[in-house]
Protein chains: 4
Amino acid sequence: MTVRRGGAPRSEAARIAILEATARQVVERGFAHMTVEGIAADAHVGKQTIYRWWSDKSELVAECMVEGYLLPDLLTVSSTADLRDDLRRALTAQFAFADDPAHASLLRSLIAAATDNAAIADRVRQALSADGLLRRRLDQGVADGDLPPGSPTKTIAEAIAGAFVLRVLLRTPPGNVSDEVERLLDAILGTGIAPAE
Amino acid sequence: MTVRRGGAPRSEAARIAILEATARQVVERGFAHMTVEGIAADAHVGKQTIYRWWSDKSELVAECMVEGYLLPDLLTVSSTADLRDDLRRALTAQFAFADDPAHASLLRSLIAAATDNAAIADRVRQALSADGLLRRRLDQGVADGDLPPGSPTKTIAEAIAGAFVLRVLLRTPPGNVSDEVERLLDAILGTGIAPAE
Amino acid sequence: MTVRRGGAPRSEAARIAILEATARQVVERGFAHMTVEGIAADAHVGKQTIYRWWSDKSELVAECMVEGYLLPDLLTVSSTADLRDDLRRALTAQFAFADDPAHASLLRSLIAAATDNAAIADRVRQALSADGLLRRRLDQGVADGDLPPGSPTKTIAEAIAGAFVLRVLLRTPPGNVSDEVERLLDAILGTGIAPAE
Amino acid sequence: MTVRRGGAPRSEAARIAILEATARQVVERGFAHMTVEGIAADAHVGKQTIYRWWSDKSELVAECMVEGYLLPDLLTVSSTADLRDDLRRALTAQFAFADDPAHASLLRSLIAAATDNAAIADRVRQALSADGLLRRRLDQGVADGDLPPGSPTKTIAEAIAGAFVLRVLLRTPPGNVSDEVERLLDAILGTGIAPAE
DNA sequence: CAATAACCGAGACGGTACGTCTGGTCTTCAG
DNA sequence: CTGAAGACCAGACGTACCGTCTCGGTTATTG
């Protein structure tokens with residue numbers, strides 16, 4: 001292991017102030033328009049203290065997300081007997097979140113950041129799929145016989161997340177959320193009517 | 001109507017040089033790191049000639065895409081009697097395109113640009129869904145009885161596009177493309193086995 | 001010759017504003033403590049406009065001096081029949097100037113600048129020797145027989161300037177100026193009494 | 001008096017390493033461009049160890065000079081019966097020293113330092129006038145009748161030092177040293193010919 | 001001989017300024 | 001009036017140092 005060779009240890013207070021300021025700046029200005037200088041000023045910190053520990057602003061945002069300063073898990077997947085209803089609840093909440101223009105704007109910022117930084121991308125996916133909760137509920141659906149055996153639950157979960165991402169990217173105007181959710185459920189789970197033979 | 005009051009007409013040569021330079025810069029540097037100054041130099045054009053006709057770099061990229069300098073339609077959807085095979089062909093080609101790291105990087109740049117500019121976002125969706133071709137093939141599938149009547153074909157097409165976008169965003173390592181495509185088809189079309197009652 | 005190929009010509013207004021601001025900053029802060037950023041702000045000018053035309057702050061100060069924004073000629077050498085009296089008047093005025101602490105401080109700043117930049121050094125010498133006026137009066141003194149024929153008038157003028165520079169450098173407290181001037185004249189012109197054989 | 005209440009005594013090794021490093025840095029970078037951090041690194045010493053004992057870099061340089069790490073006494077004034085010859089020897093050595101560009105550069109650095117710090121200025125004057133040796137030889141010249149009674153020997157010594165300082169400042173190109181020395185002696189001592197009546 | 005105190009090397013900290021790069025605007029001249 | 005060229009003001013970039021503070025560790029003196 002690395003031996004401490006003198007010097008003050010890293011300041012946790014500074015680290016937290018910087019991450020909080022970063023989160024504020026992402027929300028206020030967006031990823032593209034926020035500046036390291038602005039973060040330093042907001043956090044009452046020297047710029048060098050930022051550059052000492054992070055190489056660029058996408059690293060900052062990545063750590064912000066990992067530490068949960070930016071994006072809560074958007075999905076909370078309930079687990080009743082009714083798979084479709086559980087998913088409906090979860091997706092409705094997620095879509096409603098994105099219908100707030102400020103939230104949509106934040107999400108677009110994070111998508112932009114994700115194009116720069118794989119860690120952010122992964123964290124976005126985690127947030128969007130409730131870090132596996134969604135997939136686990138789908139697996140349960142397979143076990144319960146609500147989904148065909150062998151259903152690719154991981155892929156289904158990613159298709160749901162992807163549909164959501166694209167909706168945010170396309171700025172789909174907040175329409176009738178429940179209709180949209182229903183259509184997405186139809187697309188993923190089938191219309192509930194067995195396909196024609 | 002606005003009366004033209006003399007002077008030289010807009011130079012088509014300059015316009016084309018600028019769009020070509022923009023396309024080059026997106027590929028070489030990525031959307032976030034390219035500069036208007038760099039484009040002007042690359043196109044041997046004054047900065048003002050750019051600012052006179054476009055308000056910012058996302059407008060430039062948007063026009064580039066519309067004019068086809070940047071992204072070809074990624075899907076070419078065939079129309080045989082077998083829906084699943086038609087989709088398989090289309091998606092396989094699309095996934096293969098994204099497996100080239102340079103292409104994936106370009107796509108991420110365009111996603112970043114799309115977060116800034118709705119026109120780009122829409123154009124990305126168009127490219128990803130072959131400007132409606134995919135949806136039309138799905139509609140045909142409904143008509144042929146390959147999909148249940150009332151299937152939300154638009155939503156299905158967007159889920160497919162979304163799954164692809166998320167794959168690009170997450171930098172999913174190029175694995176077994178045919179398996180992944182198969183899983184995505186399973187997710188969207190069902191496993192081919194009627195869900196248990 | 002170089003052909004102008006377009007682009008706005010250099011702004012004379014900006015150039016003057018920068019030189020004036022530089023002069024103000026030298027006086028207010030001193031050469032060592034003034035900043036390019038401060039000058040830019042004072043002159044309401046972008047930093048690049050400074051760096052485009054000057055390589056560093058000693059170049060700025062040099063141009064300031066050449067243009068006369070900073071240091072007037074300190075000597076005005078009269079030309080009566082009495083060499084010693086002419087020099088007395090000139091040196092007394094110069095010493096009195098340096099007795100103002102602000103002036104002394106400015107002179108030290110310029111000496112510091114001169115250690116960086118030969119052009120400044122030469123301009124300081126010019127200012128100190130009235131750009132040759134002093135030497136010409138000494139030559140006249142030789143012609144009049146007030147100085148021995150063959151007297152090294154250039155060296156004498158430099159010794160006078162050097163004595164003054166050293167006085168400024170040493171911060172010799174403002175004492176009895178007329179005594180000091182008299183002693184310097186004695187040193188340079190002799191005590192007026194022929195040396196003992 | 002202040003009572004020592006325990007603790008390690010000041011490290012002489014560190015003090016010497018710092019002064020040596022300071023001297024190296026003055027020579028290598030010049031006073032204006034050397035840094036405390038560079039000195040600390042060069043001396044393998046913590047910055048605080050410097051700031052604990054010196055307030056700024058001009059203090060460091062001042063102590064360097066007092067301790068003789070930087071500038072030897074440039075004059076060694078011999079004391080034969082011939083005043084002019086004694087001075088000629090001394091000045092020739094001094095001028096020859098300054099003809100080495102590295103020495104001239106060091107002297108300019110010290111002049112720059114002297115503009116910041118009166119102690120350095122005084123030490124420079126001391127070095128240049130051999131700490132009074134020159135003046136004492138001039139006094140001897142008065143006693144011997146080589147100079148008029150009442151000659152202002154202090155002022156003469158300072159004029160000699162000043163002429164030398166100005167020569168260094170002006171970067172007078174190394175020309176014929178013996179001629180220059182001769183002219184300076186003429187300027188100070190007279191041409192050796194009694195002035196015309 | 002433990003406790004205390006001042007020292008030491010190392011290096012993180014909040015800052016200021018550097019010199020460069022780019023954004024968007026404005027100004028010239030050529031066509 | 002367009003377009004190439006490029007100067008302009010503004011301000012962020014990432015780096016270098018400033019002078020202070022905080023570590024772990026090392027001598028001395030003192031109770």
Side-chain angles (χ1 to χ4, degrees), chain A residues 3-11 13-15 17 33-41 43-53 55-57, chain B residues 4-11 13-15 17-18 33-38 40-41 43-53 55-57, chain C residues 3-11 13-15 33-38 40-41 43-53 55-57, chain D residues 3-11 13-14 17 33-41 43-53 55-57:
Chain A
V3 181
R4 280 260 290 102
R5 302 237 310 109
R10 179 173 180 180
S11 159
R15 185 179 148 273
H33 301 102
M34 79 195 198
T35 69
V36 175
E37 220 152 60
I39 293 168
H44 300 294
V45 143
K47 280 203 287 180
Q48 195 57 44
T49 302
I50 297 180
Y51 285 111
R52 198 173 356 255
W53 302 110
S55 60
D56 57 31
K57 64 183 181 178
Chain B
R4 286 264 288 101
R5 304 229 311 109
R10 179 174 181 182
S11 159
R15 186 178 149 273
I18 290 166
H33 301 103
M34 79 194 198
T35 69
V36 174
E37 227 156 51
H44 300 295
V45 142
K47 280 203 290 179
Q48 190 59 287
T49 304
I50 296 180
Y51 283 111
R52 198 171 353 250
W53 303 107
S55 61
D56 58 32
K57 67 182 179 179
Chain C
V3 181
R4 279 256 294 99
R5 301 238 315 109
R10 178 173 184 181
S11 160
R15 185 179 149 272
H33 300 102
M34 80 194 196
T35 70
V36 174
E37 222 152 57
H44 300 294
V45 143
K47 279 202 289 179
Q48 194 58 43
T49 302
I50 296 180
Y51 284 111
R52 192 166 10 247
W53 304 108
S55 59
D56 57 32
K57 65 182 181 180
Chain D
V3 180
R4 285 266 291 101
R5 303 234 309 113
R10 177 173 184 182
S11 158
H33 301 101
M34 78 194 199
T35 69
V36 174
E37 226 155 52
I39 293 168
H44 301 293
V45 142
K47 282 201 290 179
Q48 193 59 272
T49 303
I50 296 181
Y51 285 110
R52 199 176 350 255
W53 303 108
S55 61
D56 58 32
K57 66 181 180 179

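In what follows, chains are A, B, ... by sequence order, proteins preceding strands, each numbered from 1. These numbers come from the heavy atoms of this one structure, side chains and all, not from hydrogens, waters or symmetry mates.
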Can you tell me how far [atom2] of [N] sits from [atom1] of [X], to the nearest Å?
X	N	atom1	atom2	answer
B:Arg15	F:dT2	CZ	P	16 Å
A:Arg10	E:dG14	CZ	P	11 Å
C:Ile50	F:dA10	CD1	P	12 Å
C:Arg52	F:dA5	CZ	P	16 Å

Starting from the 5' end of DNA chain F, give me the residue, D:Gly38 or B:Ala43, whose nearest nucleotide shows up first.
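Comparing both residues, the 5'-ward one is B:Ala43.
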With B for base contact, S for sugar-phosphate-only contact and - for none (protein heavy atoms under 4.0 Å), nucleotides 24-31 of chain E reads BBBBB--B
Do B:Arg15's NZ or CZ and the ring of B:Trp53 fall within the cation-pi criteria of under 6.0 Å and 45°?
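No, B:Arg15 and B:Trp53 do not form such a contact.
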My understanding is that only residues two or more places apart in sequence, or in another chain, count here; which of them pass salt bridge (charged side-chain N to carboxylate O under 4.0 Å, His left out) with A:Lys57?
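None.
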List the atom of [X], the atom of [Y], and the distance in Å for their closest heavy-atom pair.
X	Y	answer
B:Ala17	B:Ala43	O-CB, 3.5 Å
B:Gly46	B:Ala40	C-CB, 4.3 Å
A:Ala14	A:Val45	CB-CG2, 4.4 Å

Heavy-atom nearest nucleotide on DNA chain E for A:Trp53 versus D:Thr49: which residue maps closer to 5'?
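By nearest-heavy-atom nucleotide position, the 5'-most residue is D:Thr49.
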With side chains defined as the heavy atoms from C-beta onward, is the minimum distance between B:Val36 and B:Tyr51 less than 4.5 Å?
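Heavy-atom side-chain distance check passes, below 4.5 Å.
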